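Below: one structure, written as C-alpha cells.
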Amino acid sequence: MLQVKVPATSANLGPGFDCMGLAVKLYNTFTAEASDRLEFILEGTYCDHIPLDENNLLWKTACLLWQRIGFNPKPLKITTQGHVPPARGLGSSSTAVVGGLLIANAIAGYPYDRFELLKLATEIEGHPDNVSPALYGGITLTVMTEDSVVPRILSKNPSFKAVVVIPDILVETEKARGILPTAVPRNDVVFNSSRVGLLVDAFIHEDYHLLSIATQDRIHQNQRASLIPGMPEALHSALKAGAYGAALSGSGPTLLAFCPAGIEQRVAEHMQNALAKNYLQSTFMALDIDPEGAVLIEE
Ligand code: HSE
C-alpha cells in the first residue's frame, strides 16, 4: 500500500504570478492499493466533483507518467481523503497531480527523482507555482525555461502565520485566467518585477515588514476583482488589522494574509467583514507553512 500526503498551496503571493508559491499545513491524502479494477473511495471534508473513472486527475496523471516510461498501467484502488477545498485557489488540483506522480513513480520503481517529477507536474499544470511548493514545501520561486524549470526554496520555517480566508464561492482557474489581458503595460511590468525582487528579499532575510509593499500586484489581482466581490477592501483591511501583507491566493477566491502570530483571528475577522459587506460569506484558517512538501509512505 502506498500513501501520499500532499500539502495545499497558495500561488502568486501577490506579484509573483505563475512563479511564486508556498505550502501550508493542510493536506489531501491519497492511498493506492493493488486491485483487479480501477476503484475510487472518497473520504474527508471535500470530495465533491471528483471524477470516479478514468477522468480522475490523479489517475490520469499516474497514467501519463507510466506512458512516458513505457510502463503498463496497473488498476488501483485509490482512496482520497480530501481536506483541501477545491476551486478555491488552494492548489487542490495540484495535490492530485503531485499525488498521482508520486504514486505512479513508486509503483514503477522510482525512475524519476523529485526534480524530474516537478518538470512533469509543471508540464501538466502549465505553470510551477503550486506544484513546486507541493513537492518541496516552504516558500518557492520557480522559473520556467524552454525545456526545464529552476526551483528555489526561499524559506522553510518562516515565523508568520498564513491566514486563509475562504469565500463561499467557487472560482474556476480557467475562467480566472481567461479574463486576464494578454498584454501588460511596461510600467506595470516594472511595478511587479520590482516587487517580486522585494518579496524574495523579504522571505530570505525574514524582513516581513517589507511584505506590505512586496505583496502588491498590478497584473492579475484587480483584474479578477469582479469574480470576488470585496476583494480589494478585504486585502486592505488585512493590512489595517496588522497583517504584514496580503494577496489573492492563486486565482482565488481565497485570500491570503501573512500575519504575526497572535493576531490571526483579528486579521481574519477584518477580512471577513469586508467580504460580508459585499454579501460574500467566508470561513478562515490560520496555518503554518509546511516545510517538507509531499510525503510518500510505502507499507
Ligand atoms: N498562477 C495561477 C493563476 C494559479 O493565478 O492563474 C492558479 O492555478
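Counting starts at 1 for both ligands and their atoms, following the listed order. Remember, predicted model here, so these are calculated numbers, not experimental data. Residue indices begin at 1 and follow the sequence shown.
- Counting heavy-atom neighbours within 6.0 Å of Glu172 CD, excluding the residue itself, gives a total of 12 or less.
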Put together the list of close N/O pairs, under 3.5 Å, between ligand 1 and the protein, could you?
from	atom 1	to	atom 2	distance (Å)
ligand 1	1 (N)	Asn12	OD1	2.9
ligand 1	1 (N)	Asp18	OD1	2.6
ligand 1	1 (N)	Asp129	OD2	2.5
ligand 1	5 (O)	Asn12	ND2	2.8
ligand 1	5 (O)	Arg224	NH1	2.9
ligand 1	5 (O)	Arg224	NH2	3.4
ligand 1	6 (O)	Arg177	NH1	2.6
ligand 1	6 (O)	Arg224	NH2	2.9

All N/O donor-acceptor pairs, side-chain side in residues 4-26, below 3.5 Å, sequence neighbours left out:
from	atom 1	to	atom 2	distance (Å)
Thr9	OG1	Asn130	ND2	2.8
Ser10	OG	Ser249	OG	2.8
Asn12	OD1	Asp18	N	2.9
Asn12	ND2	Gly250	O	3.2
Asp18	OD1	Arg177	NH1	3.0
Asp18	OD2	Arg177	NH2	2.7

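- Taking the six-membered ring for Trp and the full ring otherwise, the centers of His83 and Tyr46 sit at least 6.0 Å from each other.
- If you take CG on Leu180 and CD on Gln223, they are separated by 6.5 Å, rounding to the nearest 0.5 Å.
- Inspection of the Ser155 and Glu206 side chains reveals no N or O donor paired with an N or O acceptor under 3.5 Å.
- Below 30°, between 30° and 60°, or above 60°: for Phe203 and Phe160 the angle between ring planes is between 30° and 60°, a tilted geometry.
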